[in-house]
Amino acid sequence: ILYLLFISSPLKFNESYIAAVFCSLFIGIIFYVFSTRPKIKEQNDNHNEDFTKLYKKELGSFFIINVITMLMATLDTLMIGELLNMDSVARYNVANKLALLSSVFLVTVNVIIGPYFSKLWLQGKKQELRSSFLKITKYMIVIAIVVLSIFVFFGEYMLVLVFGDTYISSYNLLIILAVSQSIVLATGPVAYLLMMTDNSSSHRKSLYMAVGINIFLNLILIPSYGITGAAIATGLSLVFKNVYSCIVALKILDHETEIS
């Protein structure tokens, strides 16, 4: 909504996008101050000290992670707008928005499972935590296969149905992005596992590296392959981020399980 407001102003495309992103961030901070922060105090008043200490300790890290995640989500669009043209931005965003529908499943799981992961970690139930994560991930792999199959077989129809015949040429982009999003889905709630177990620094590190890979690959691939190059760059950086985080998370859990 903010982007639509800014794009109708004298600002350029990239400027409008950046303005909308930072305004959204500012609104999020205000929401935290007046809505989330009182809830943290309430938790503290109810003597949930372990949870409160962990939350406060990781709060700054969560903020940085959200900022980097937002940057990661907008980098491809900004670089296409800078290196190519508005038509390319439109074609890419159509495919990207459709591919991102698969993330609904992961967001839903994260909201439900995040507090549960934190509870098990604080209670020292490391083996149960590891088993729960692997069990959930198996289900997510099945969902990822189903979602990717839908995009492969019905992607062109979905593009025409939602966006019109003009954007049927975005099908190849959709498949590239859908493959990467399916791999992200298949790694399960690994980001929340790290963030809710006092290991958000590991997730933050994966984001730093993924942003660097994304920028590097975009600079190389966009001039040569256009928006297809941007899709490949984004896809590879997302896959790296989640696979790396998954490996790190399992190593941490294995180590903690041996200790306990």
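Please read these numbers as outputs of a predicted model, since none were measured by experiment. Each residue takes its place number in the sequence, starting with 1. Because only heavy atoms are used, hydrogens play no part in the values below, and waters and symmetry mates are left out as well, while side chains stay in.
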Exercise. Residues sharing Leu100's hydrophobic cluster, by side-chain heavy-atom contacts under 4.5 Å among ILVMFWY, directly or via others?
Worked result: none

Problem set entry | Residues forming a side chain to side chain contact (heavy atoms under 4.5 Å, CB included) with Thr69, sequence neighbours excluded | Ile65, Leu207

Exercise. Who pairs with Ser245 by side-chain hydrogen bond (donor to acceptor under 3.5 Å, both in side chains), at least two apart in sequence or on another chain?
Worked result: Ser206

For this session: Name all pairs fulfilling the side chain to side chain donor-acceptor pair (under 3.5 Å) condition that reach into residues 151-168, sequence neighbours left out, sorted by first residue then second.
Result: none

Problem set entry | Val160: hydrophobic cluster co-members (side-chain, 4.5 Å) | Ile168

For this session: Indicate whether the side chain of Ser88 and that of Asn85 have a donor and an acceptor atom separated by less than 3.5 Å.
Result: yes

Exercise. For Phe240, which residues count as a ring pair (Phe, Tyr, Trp, His ring centres under 6.0 Å) partner, sequence neighbours excluded?
Worked result: Tyr244

Seminar exercise, completed: For residues 171-189, the side chain to side chain donor-acceptor pair (under 3.5 Å) pairs (sequence neighbours left out) are Thr187-Asn242

Pairs of donor and acceptor atoms involving the side chains of residues 210-222, under 3.5 Å and at least two apart or interchain, shall be tabulated with distances.
from   : atom 1 : to     : atom 2 : distance (Å)
Asn214 : OD1    : Asn218 : ND2    : 2.5
Asn218 : ND2    : Asn214 : O      : 3.1

Exercise. When clusters are formed from ILVMFWY side-chain contacts under 4.5 Å, directly or step by step, what else is grouped with Ile141?
Worked result: Ile145

Exercise. Does any N or O in the side chain of Asn199 come within less than 3.5 Å of the main-chain N or O of Thr197, such that one atom is a donor and the other an acceptor?
Worked result: yes

Validation: residues 226-233 side-chain donor-acceptor distances under 3.5 Å, sequence neighbours left out:
none

For this session: Keeping to residues at least two apart or across chains, list the ring pair (Phe, Tyr, Trp, His ring centres under 6.0 Å) pairs with something in residues 75-120.
Result: none

For this session: State which residues pass side-chain hydrogen bond (donor to acceptor under 3.5 Å, both in side chains) with Lys125; sequence neighbours excluded, sorted by chain then number.
Result: Gln123

